[in-house]
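Below is one structure; the comments refer to it alone.
Order of listing sets the numbers, starting from 1, for every ligand and every atom in it. The figures that follow rest on heavy atoms only: side chains count, while hydrogens, waters and symmetry mates do not.
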Amino acid sequence: MSALVLEDLRQRLPALLLKTDPADLQYYGRDWTRRWTPAPLAIALPASIEEVQGIVCWANANEIALVPSGGRTGLSGGAVAAQGELVVSTERLNKVLNFDPIDRTLTVQPGVPIEVLQNTAREHGLIYPVDFAARGSAAIGGSIATNAGGIRVVRYGNTREWIAGLKLVTGNGDLLDLNRGLIKNSSGYDLRHLVIGSEGTLGIVVEATVRLTEPPPLSNVMLLALPSFDGLMQVFAELRRRLSLSAFEFFTDIALKHVCAHGAQNPFREVHPYYVVTEFDAASEDQQSAVLSAFESLLEKGLVLDGVISQSDAQAAALWRLREGITESLAPHTPYKNDISVRVSAMPAFLAEAQSLLGEAYPHFEVVWFGHIGDGNLHINVLKPTELAMQAFVKDCEHVTELLAQVLHRHGGSISAEHGIGLVKKKYLGSTRSPAEIAVMRGIRQVLDPNGIMNPGKLMD
Ligand code: 2HG
Ligand code: ZN
């Protein structure tokens, strides 16, 4: 049966590159989650929009599910293919198509990695400001699919803010050219924004036009050691008032322990419970002295115990590594990940409840807190004890996530801030979205993908 349907695909699209080697099925069938065993039918690597449309047409005719696939750095199982799906990799759709100096946009194919996009923008004297640790592998298509956030959201916002237009091949096989780079366009529903964050459930993004902006002024990076979690939001408020921040990230001593075991250098002699990495404009003397006086004021108030300010690009990179290297350093412990958000104003009250819930719920597990606290976004990674089986571990964690979802609901938060819902969090979608909202989402999905071929099982059933 599977040989027959693949033969049909080969006949319809003779030039389409298909991979069926077991090693390829493993490689392309998973993302950074390690909970599911990949089992795709095959991997298709289209090289044109027409080939993508041909694949969608074939999938509808043969009732085969499609899993769109970019750099597969996702953490929610959105790109997992474990049920005989055809993976549609955008790996060969990896060209930068156009730079427009007047509109200050880049038009790219979906498989272009974020780092390539950033470097290309810099070659034109501009920047693409969305940035995160997986920049080298994550593709723009996938970051549109999850509305990726990252480390610069305090200043620049999420991916959504930077997408001027996109082309989508819907689950029907239609090609939609959405917003076409316009700044102003008040002509009805903005379908571009429906696609951003839709996790491959409405179609496949086949082209994107991203906005660029001026590079920021010279900046410095500062690492701060904090005595308590309670003071974290006060430190943020004070630094935001006094400096022009482009990042404000936090992590705990447990995170520091793991990242240093992976080669990062801790600049402090003493152990502190909490740390902040922050970046801010430091081009003028005024800005530089504002940093010092802000730091002194935090020390005096007892909100900060120690600090280091970068003196070179290499030192700035070393300080960033302490924060950006965390995910990789935790990977060997197959962590169960929470990626939650509340409004910044709701953070103190939420934190008080969440900390006591997780403290009681996970007495025997190592829990690593870090994240984009300046955006109200926390990453809580629970590490699996080696001796515990994966299934039992996930069951325990899912029970706690249900309780956490209730706390989030009370504080008006979200069960997924920036990683998406995928397979991992669909059980909890109802804590963030109302039944009426979910019904609308289902209706939209039905219109754009009537046969349910686009990433089924992801986001919602
Ligand atoms: C980050 O902020 C990423 O480093 C990954 O969003 C977070 O590993 C995680 O939980
Ligand atoms: Zn993050």
Side-chain angles (χ1 to χ4, degrees), residues 30-35 70-79 114-115 129-139 142-143 145-160 197 199 221 246-252 254-259 262 264 275-279 317 319-342 344 347 354 358 362 365-384 393-394 397 400-401 404 413-425 428:
R30 58 161 43 138
D31 57 14
W32 277 7
T33 53
R34 287 291 181 266
R35 222 186 279 172
R72 291 178 304 286
T73 56
L75 297 166
S76 297
I114 296 299
E115 196 164 52
V130 179
D131 196 19
F132 41 87
R135 62 182 76 79
S137 324
S143 82
T146 53
N147 186 25
I151 57 175
R152 303 277 171 204
V153 173
V154 263
R155 177 172 288 176
Y156 295 107
N158 302 288
T159 299
R160 183 181 298 288
E199 302 188 29
V221 178
S246 60
F248 188 89
E249 300 280 315
F250 104 103
F251 52 94
T252 60
I254 305 180
L256 185 73
K257 176 189 81 180
H258 284 283
V259 81
H262 261 71
Y275 299 91
V276 160
V277 168
T278 179
E279 189 163 333
L319 295 181
W320 264 118
R321 184 170 175 197
L322 294 168
R323 164 63 185 86
E324 292 206 300
I326 296 172
T327 297
E328 212 179 316
S329 74
L330 301 180
H333 304 275
T334 44
Y336 179 92
K337 287 175 186 288
N338 286 115
D339 160 42
I340 57 177
S341 69
V342 292
V344 176
M347 193 48 107
L358 298 188
Y362 290 126
F365 295 165
E366 197 167 34
V367 182
V368 188
W369 294 65
F370 60 106
H372 321 282
I373 194 90
D375 317 328
N377 176 190
L378 284 171
H379 296 309
I380 304 168
N381 279 218
V382 187
L383 308 192
K384 188 179 86 57
F393 171 66
V394 169
C397 294
V400 180
T401 302
L404 185 64
S414 174
I415 193 70
S416 175
E418 58 172 6
H419 296 167
I421 296 290
L423 288 170
V424 174
K425 287 170 228 151
Y428 319 104

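- Listed for the Thr278 side chain is a donor-acceptor partner under 3.5 Å among the backbone atoms of Ala247.
- You'll find the ring centres of Phe365 and Phe393 inside the 6.0 Å limit.
- For Asn381, every heavy-atom contact with ligand 1 shorter than 4.0 Å involves the side chain, none the backbone.
- Judged as a salt bridge (charged side-chain N to carboxylate O under 4.0 Å, His left out), the pairs with a partner in residues 146-158 (not counting sequence neighbours) are, in order, Arg152-Glu279, Arg155-Asp281.
- Atom CD1 of Ile340 sits about 9.5 Å away from atom OG of Ser414, to the nearest 0.5 Å.
- Heavy-atom proximity to Lys337, at under 4.0 Å, picks out these atoms of ligand 1: 8 (O), 9 (C), 10 (O).
- Listed by number with element, the atoms of ligand 1 under 4.0 angstrom from any heavy atom of His372 are 2 (O).
- The minimum heavy-atom distance linking Phe251 with Leu322 is given by the pair CZ-CB, 3.9 Å.
- Across Glu418, Glu199, His419, Lys425, a single residue satisfies side chain to side chain donor-acceptor pair (under 3.5 Å) together with Ser76, and that is Lys425.
- Among all protein heavy atoms, the one lying closest to atom 6 (O) of ligand 1 is His419 NE2, 2.7 Å.
- Looking at Glu324 against ligand 1, nothing comes within 4.0 Å, counting heavy atoms.
- For atom 4 (O) of ligand 1, the nearest non-hydrogen atom from the set Glu418, His379, Arg323 belongs to Arg323.
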Residue pair Lys384, Glu366: steps toward the salt bridge (Lys or Arg N to Asp or Glu O under 4.0 Å) verdict: CA-CA 8 Å; Lys384 188 179 86 57; Glu366 197 167 34; over 6 Å; no

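- Of the candidates Ile380, Asn338, Ile254, Ile380 is the only one forming a side-chain contact (heavy atoms from CB on, under 4.5 Å) with Trp369.
- Annotation: atom 5 (C) of ligand 1 to nearest protein heavy atom, Thr327 OG1, 3.2 Å.
- Residue contacts with ligand 1 for Leu75 involve side-chain atoms from C-beta outward but no N, CA, C or O (heavy atoms, distance under 4.0 Å).
- Around the Zn ion (ligand 2), the protein N, O or S atoms found under 2.8 Å comprise His372 NE2, His379 NE2, Glu418 OE2.
- When non-hydrogen atoms are compared, ligand 1 lies under 4.0 Å from neither the backbone nor the side chain of Phe132.
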His372/Glu249 under side-chain hydrogen bond (donor to acceptor under 3.5 Å, both in side chains): CA gap, chis, key distance, verdict: CA-CA 5 Å; His372 321 282; Glu249 300 280 315; 2.7 Å; yes

side-chain hydrogen bond (donor to acceptor under 3.5 Å, both in side chains) evaluation trace for Tyr428 with Ser416: CA-CA 9 Å; Tyr428 319 104; Ser416 175; over 6 Å; no

